[in-house]
Novice: 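This is the structure I want to talk about, given as structure tokens.
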Amino acid sequence: MAKITAFEGIRPRRDMTARVAALPYDVYSRQEAKAETLREPLSFLRIDRAETQLGDEVDTYAPEVYQKARDLLWDMVEKGELVKDTAPCYYVYELTMNGRSQTGLVACASVQDYLDGVIMKHENTREDKEQDRIRHVDICDAQTGPIFLAYRYHDVIAACMKEAKKTVPIFDFVSPDGVGHRGWMISDMQMIRTIQSAFEQISQIYIADGHHRAASAVKVGLKRRAEAEAAGKGDRELESDRFLSVLFAENELHIMDYNRVVRDLNGMTPAELLEKLMKVAEVRRYEADSGVCVRKSEDLTDDRKKKEWSNEDQQCHPQRKGQVGMYLDGSWYELTFKKEYCPNHPVDGLDVSILQDQILAPMLGIGDPRTDERIRFVGGIRGLKELERIVDMQHGVAFSMYPTSMQELFAVADAKLLMPPKSTWFEPKLRSGLFIHAIK
């Protein structure tokens, strides 16, 4: 059973909420983060990425960066710009993007559930990224970025959130990227008990996004538990025994494509790559007018015809599992993997795995996509024009993916396996700074 509990949230003063709310710390480079905090001086990014408030000569991971984050956070609390609720609550958080809304429950998940496998993961984490957030959480005495969790739909939880949304919102604004954000508080103890009991009937919760934040929160929790036991206080419950989360039912979520760009063709010409691709996939060029693929695979190595059919405005968005779009030498192609290369396996059968195993590694020489500097990953929110822009500069190749499904994510996690890196891109992104969980 899952232990999902209410907590005393720290939240921005209502008149400051829209200005404080910030995209997650890890979607920005250092330069982008600094530019954003200059644009909006109240952005929570100045706490999540406190190096933006120091000189460029200061290392991103220097001790003074984390101390600066702590000072800024608790200074806002002291000034009343951030206010702590006086009783444990759940919160409802709705995000609306392009006319589509999704609603999640803001709550605390259990460190022990993570250790026991009730909270399931599907990605590996990197030690350096973990250490950064461990120091941030530990020194700030607060979890500032929520972990994005998913669960299988439960009608009682859905009904409670629907009821909460009939009350007056605690915030309601549209962020600069056009995403709408609304929040409500659930303070009624009977409803809190009902929701907590409903989660106790759910055997698995899944990390959708935020594996590094989750792992870091757990390690801080274990550290503080060990310190409490050493001090003879191991029998008391600690705030660090749980971590800040937003939980969404599977039917609420939208996964976008997570695309790949390789900066060169590993010594091949475009025609040579196309010829190799025909061994593992049906290859079709996209026709500009109708948006369908035409011509026989064997015709595609004819350079004269390739130029004749090319249209830089046509883009290939895969329409089903087993299809991949490819942008090469100014043209878009559709690749449909042959059945013998599509294993019935939770991980090996993922499109991102087939692409890696059959094309990226053997043909383009990308052995380890986690470390190879020749590959980069582009979230679907950036659009396929971004793939074209990168390839046109570098003369490499790009692959547009059909999005991984929630069912595939659940299947991988249930099998206690791990997805390849950069398999899922969730939109819209949760904002940091709207809800903070103090652990001191």
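Not measured: the values here are computed from a predicted model.
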Novice: With sequence neighbours left out, write down each residue that passes salt bridge (Lys or Arg N to Asp or Glu O under 4.0 Å) with Arg260, or none if nothing qualifies.
Specialist: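 Partners of Arg260 by the salt bridge (Lys or Arg N to Asp or Glu O under 4.0 Å) criterion come out as none, since no residue qualifies.
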Novice: By side chain to side chain contact (heavy atoms under 4.5 Å, CB included), which residues pair with Glu373, not counting sequence neighbours?
Specialist: none
Novice: For atom CZ of Arg374, decide whether the heavy atoms of other residues, nucleotides or ligands shown that lie under 6.0 angstrom number more than 12.
Specialist: yes
Novice: Are any of the side-chain nitrogens in Glu94 or Lys165 under 4.0 Å away from the carboxylate oxygens of its partner?
Specialist: yes
Novice: Should we say atom CD of Glu78 is surrounded by more than 12 heavy atoms from elsewhere, each under 6.0 Å from it?
Specialist: no
Novice: So if I apply the ring pair (Phe, Tyr, Trp, His ring centres under 6.0 Å) rule between Phe435 and each of Phe243, Tyr91, Phe44, which one comes out positive?
Specialist: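 Looking at Phe243, Tyr91, Phe44, the match for Phe435 under the ring pair (Phe, Tyr, Trp, His ring centres under 6.0 Å) is Tyr91.
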Novice: State, to 0.1 Å, how close Met406 and Ala150 come at their nearest heavy-atom pair, and which atoms those are.
Specialist: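 Looks like CE-CB, 3.8 Å.
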Novice: Taking all non-hydrogen atoms of both residues into account, name the closest pair between Glu334 and Thr336 and its distance.
Specialist: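 Heavy atoms only, the tightest pair is OE1-OG1, 3.8 Å.
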Novice: Test of understanding: with salt bridge (Lys or Arg N to Asp or Glu O under 4.0 Å), list the residues that count as partners of Glu8, not counting sequence neighbours.
Specialist: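 Glu8 satisfies salt bridge (Lys or Arg N to Asp or Glu O under 4.0 Å) with Lys84 once adjacent residues are dropped.
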Novice: Quick one: do Lys223 and Glu227 make a salt bridge, cutoff under 4.0 Å?
Specialist: yes
Novice: Short question: side chain of Thr37, backbone of Thr52 - any donor-acceptor pair under 3.5 Å?
Specialist: no
Novice: Please indicate whether Asn98 has more than 12 foreign heavy atoms, meaning atoms of other residues, nucleotides or ligands, lying under 6.0 Å from its CG.
Specialist: no
Novice: Kindly write out the residues that satisfy side chain to side chain contact (heavy atoms under 4.5 Å, CB included) with Ser216, not counting sequence neighbours, or none if the list is empty.
Specialist: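 Per chain and number, Ser216 pairs via side chain to side chain contact (heavy atoms under 4.5 Å, CB included) with Glu130, Arg133, Ile134.
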Novice: Would you call Asp414 and Arg152 a salt bridge, taking side-chain N to carboxylate O under 4.0 Å as the test?
Specialist: yes
Novice: Please find the pair of heavy atoms, one from Ile359 and one from Phe399, that lie closest to each other, and give the distance.
Specialist: CG2-CZ, 3.9 Å
Novice: Just checking, is any N or O donor in the side chain of Glu239 or His437 under 3.5 Å from an acceptor N or O on the other one?
Specialist: yes
Novice: Would you say the ring centers of Phe248 and Tyr93 fall short of 6.0 Å from each other?
Specialist: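 No: the rings miss the under 6.0 Å criterion.
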Novice: Say you draw a straight line from CD of Gln358 to CG of Leu335; how long is it, rounded to the nearest 0.5 Å?
Specialist: 12.5 Å
Novice: Which heavy atom in Arg242 sits nearest to a heavy atom in Ala6, and how many Å separate them?
Specialist: NH1-O, 2.7 Å
Novice: Applying the salt bridge (charged side-chain N to carboxylate O under 4.0 Å, His left out) test to Asp241, which of Arg236, Lys3, Arg225 qualifies?
Specialist: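 Running salt bridge (charged side-chain N to carboxylate O under 4.0 Å, His left out) over Arg236, Lys3, Arg225 with Asp241 returns exactly one hit, Arg225.
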Novice: What pair of heavy atoms forms the shortest contact from Leu244 to Ile436, and how long is it?
Specialist: CD2-CA, 4.3 Å
Novice: Is there a donor-acceptor pair under 3.5 Å between the side chain of Gln53 and the backbone N or O of Ala50?
Specialist: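 Judged by distance alone, no pair lies under 3.5 Å.
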Novice: Going by an N to O cut-off under 4.0 Å, is there a salt bridge joining Arg224 and Asp138?
Specialist: yes
Novice: Between Asp177 and Lys429, is there a salt bridge with N-O shorter than 4.0 Å?
Specialist: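 Judged by the 4.0 Å cut-off on N to carboxylate O distance, Lys429 and Asp177 do not form a salt bridge.
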Novice: Below 4.0 angstrom, N of the basic side chain to O of the carboxylate: do Glu408 and Lys321 qualify?
Specialist: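 Answer for the salt bridge query: yes.
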Novice: Is there a donor-acceptor pair closer than 3.5 Å between any side-chain N or O of Tyr114 and the backbone N or O of Ala109?
Specialist: no
Novice: Can you name the residues that form a salt bridge (Lys or Arg N to Asp or Glu O under 4.0 Å) with Arg370, not counting sequence neighbours?
Specialist: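 Arg370 satisfies salt bridge (Lys or Arg N to Asp or Glu O under 4.0 Å) with Asp368 once adjacent residues are dropped.
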Novice: For the pair Arg376 (side chain) and Val261 (backbone), establish whether a donor and an acceptor sit closer than 3.5 Å, ignoring hydrogens and angles.
Specialist: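 Such a contact is absent between Arg376 side chain and Val261 backbone.
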Novice: Are any of the side-chain nitrogens in Glu163 or Lys166 under 4.0 Å away from the carboxylate oxygens of its partner?
Specialist: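 Salt bridge between Glu163 and Lys166, a charged N being under 4.0 Å from a carboxylate O: yes.
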Novice: With a 3.5 Å distance limit and no angle check, can you tell me whether Asp257 reaches the backbone of Ser400 through a side-chain donor-acceptor pair?
Specialist: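 Checked: no pair found.
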Novice: According to the interplanar angle, ranging from 0 to 90°, do the rings of Trp332 and Tyr327 count as parallel (below 30°), tilted (30 to 60°) or perpendicular (above 60°)?
Specialist: tilted
Novice: Would you sort out whether Arg135 and Val65 count as a side chain to side chain contact (heavy atoms under 4.5 Å, CB included), showing the intermediate values?
Specialist: CA-CA 10 Å; Arg135 291 193 289 269; Val65 171; over 6 Å; no
Novice: Please table the atom pairs, donor to acceptor, closer than 3.5 Å between any side-chain atom in residues 346-357 and protein atoms at least two apart or in another chain.
Specialist:
residue	atom	partner	partner atom	Å
Asp351	OD1	Gly322	N	3.1
Asp351	OD2	Gly322	N	3.0
Ser353	OG	Val347	O	2.7
Gln356	NE2	Ile366	O	2.7

